[in-house]
There are 2 protein chains.
Amino acid sequence: MNAASADQPALRRSKTDVVDAAMSVLAENGIAGLSMRRIADVLDVQVSALYWHFPNKQALLAAVSGRIATGTDASHLADSATALRESLLAHRDGAEVVSSSLALGLLELSARTQMVEAALAAGLSDAAAEVAADTLVHYVIGFTFHEQQRLHAAVVGAADPSVDLSPARIAVTGGDFEAGLAMVVSGIRSSAAAAR
Amino acid sequence: MNAASADQPALRRSKTDVVDAAMSVLAENGIAGLSMRRIADVLDVQVSALYWHFPNKQALLAAVSGRIATGTDASHLADSATALRESLLAHRDGAEVVSSSLALGLLELSARTQMVEAALAAGLSDAAAEVAADTLVHYVIGFTFHEQQRLHAAVVGAADPSVDLSPARIAVTGGDFEAGLAMVVSGIRSSAAAAR
DNA sequence: ACCTGAACACCGTTCAAGT
DNA sequence: ACCTGAACACCGTTCAAGT
């Protein structure tokens with residue numbers, strides 16, 4: 001017989017376990033299916049148990065956001081932006097999840113910190129570097145959010161049929177991101193040149 | 001006695017009436033409180049009646065989005081962006097409502113069309129003009145979305161206390177938008193110069 | 001310290017039936 | 001053509017109570 005017998009009190013879950021479960025629900029069901037009940041099911045626990053670990057759903061979502069937007073090290077503006085975009089793309093609805101936590105002030109983006117440093121190194125003033133970082137973050141999240149919602153709409157078939165979902169158009173998206181990014185970065189650089 | 005006596009069959013509602021009701025619920029309760037039941041209450045109608053006018057909530061939201069992002073005429077990139085931003089700011093949670101309809105391909109932005117034209121006039125190629133317009137739209141919506149969620153968080157008190165909500169910081173936001181906008185526009189212009 | 005069980009006050013959507 | 005009434009399958013959150 002096993003040391004853990006069948007009538008043992010149920011094993012304790014950590015905050016980490018709860019976030020793990022949330023990540024797997026997100027991967028399988030997307031943000032629309034990321035409910036407290038489904039997370040509880042994965043953990044084989046009552047919904048109310050989750051509220052011992054997190055005060056509410058938004059706090060749990062903030063922890064999930066932290067898992068999605070992992071720290072990266074990049075010293076150039078474009079590299080930080082690309083790294084942020086890749087971390088968002090690596091998880092279903094990543095941009096939307098991160099966007100909500102960010103807007104509520106529940107998440108600090110390491111990519112943003114890197115962008116501020118890169119902007120300072122490029123010669124921007126403190127205030128301009130903050131603005132530049134926010135501008136880049138907004139661009140990356142906005143673009144990726146839009147892209148991920150369209151991908152999901154394509155799968156579900158909920159989108160307007162006039163939306164162009166042809167493979168050629170989808171494939172081109174990566175290039176569009178980089179083209180727009182180049183414009184934003186060049187604008188940031190020229191604002192440094194203007195201040196010099 | 002009035003021509004419309006009390007036992008008359010209830011008066012018919014138009015699609016316009018439904019959207020009107022949705023607009024007033026949005027103004028009073030925000031997007032989180034914009035439920036089909038509340039809209040039905042305003043119209044003094046059963047929830048199911050709304051489904052005769054709109055196939056689902058997203059379609060109704062798209063109509064609401066059309067009301068928010070009203071057509072404007074501007075011939076410069078920065079003017080179109082500012083006009084779009086102002087239309088979003090004029091309605092509670094305007095950026096979030098428009099963002100979701102846009103991502104699902106259920107809304108055409110006249111501001112975006114104007115931006116494409118302005119970019120072409122500035123000398124961009126067709127493809128670059130599309131990218132430029134999308135970049136600007138992402139910037140405007142991302143910035144305004146973030147700003148409106150923070151304003152709401154400030155009212156509700158749901159935000160992290162470390163978030164700086166001092167009047168000075170809030171007042172400075174308008175300037176930050178324009179500073180970031182100037183960077184993006186300058187980047188777009190320089191991409192035209194590079195292609196020349 | 002961590003969880004159960006049950007309840008509260010909601011959701012969006014469907015559908016037969018009425019006028 | 002437009003709406004009612006009722007139901008279905010969900011939500012997030014709270015709270016007394018258990019171990």
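Labels below follow one simple rule: chain letters A, B, ... track the order of the sequence lines, proteins then strands, and each chain is numbered from 1.
- Two rings, from B:His138 and A:His138, have their centers 6.0 Å or more apart.
- Under the Watson-Crick or G-U wobble criterion, with both distances below 3.5 Å, D:dC15 is paired with C:dG5.
- C:dT13 atom P lies 10 Å from atom CG of B:Leu60, rounded to whole Å.
- Rounded to an integer number of Å, the gap from CH2 of B:Trp52 to C1' of C:dA17 is 17 Å.
- The separation between A:Asp17 atom CG and C:dC2 atom P is 11 Å, rounded to whole Å.
- Here C:dC10 sits opposite no nucleotide as a Watson-Crick or G-U wobble pair (both hydrogen-bonding atom distances under 3.5 Å).
- Going from atom NE2 of B:His53 over to atom C1' of D:dA1 covers 10 Å, rounded to whole Å.
- A distance-only check finds no donor-acceptor pair linking the side chain of B:Asp134 to the backbone of B:Val131 [under 3.5 Å].
- Using a cutoff of 4.0 Å between basic side-chain nitrogens and carboxylate oxygens, A:Arg112 and A:Glu130 are scored as salt-bridged.
- Residue A:Arg12 has its side chain nearest to C:dC3 when only D:dT14, D:dA1, C:dC3 are considered.
- Among the heavy atoms of the strands lying under 4.0 Å from A:Val45 are primed sugar atoms or P, OP1, OP2 only; no base atom is included.
- With rounding to whole Å, A:Asn56 atom CG is found 17 Å from D:dC11 atom P.
- Residues forming a side chain to side chain contact (heavy atoms under 4.5 Å, CB included) with B:Ala49 (at least two apart in sequence, or on another chain): B:Val45.
- With hydrogens and angles left out, the side chain of A:Ser35 and the base of D:dG12 share no donor-acceptor pair within 3.5 Å.
- Picking from C:dG5, C:dC3, D:dC3 the nucleotide with the shortest atom distance to the side chain of B:Ala49 gives D:dC3.
- When the nucleotides C:dC11, C:dT14, C:dT13 are ranked by their closest atom to the side chain of B:Arg38, C:dC11 comes out on top.
- Across D:dC2 and C:dA17, the matching C1' atoms stand 13 Å from one another, rounded to whole Å.
- Side-chain proximity of B:Tyr51 to the nucleotides D:dC3, C:dC2, C:dG12 is greatest for C:dG12.
- In summary, the aromatic rings of A:Tyr139 and A:Phe177 are positioned with their centroids under 6.0 Å apart.
- More than 12 heavy atoms of other shown residues, nucleotides or ligands fall within 6.0 angstrom of atom CG in B:Asn56.
- If you measure from atom CG of A:Leu50 to atom P of D:dT14, you get 13 Å, rounded to the nearest angstrom.
- Across C:dA9 and D:dA9, the matching P atoms stand 23 Å from one another, rounded to whole Å.
- Comparing C:dG12, C:dC11, D:dC3 by their closest approach to the side chain of B:Met36 singles out C:dG12.
- With the nearest nucleotide of DNA chain C identified for both A:Ser14 and A:Arg37, A:Ser14 has the one nearer the 5' end.
- If you take CG of B:Asp44 and P of D:dG5, they are 11 Å apart, rounded to a whole angstrom.
- A:Gln46 places its CD atom 15 Å from the P atom of D:dT19, with the value rounded to the nearest Å.
- Counting only heavy atoms from C-beta on, A:Ser48 has its side chain closest to C:dT4 among C:dC3, D:dT13, C:dT4.
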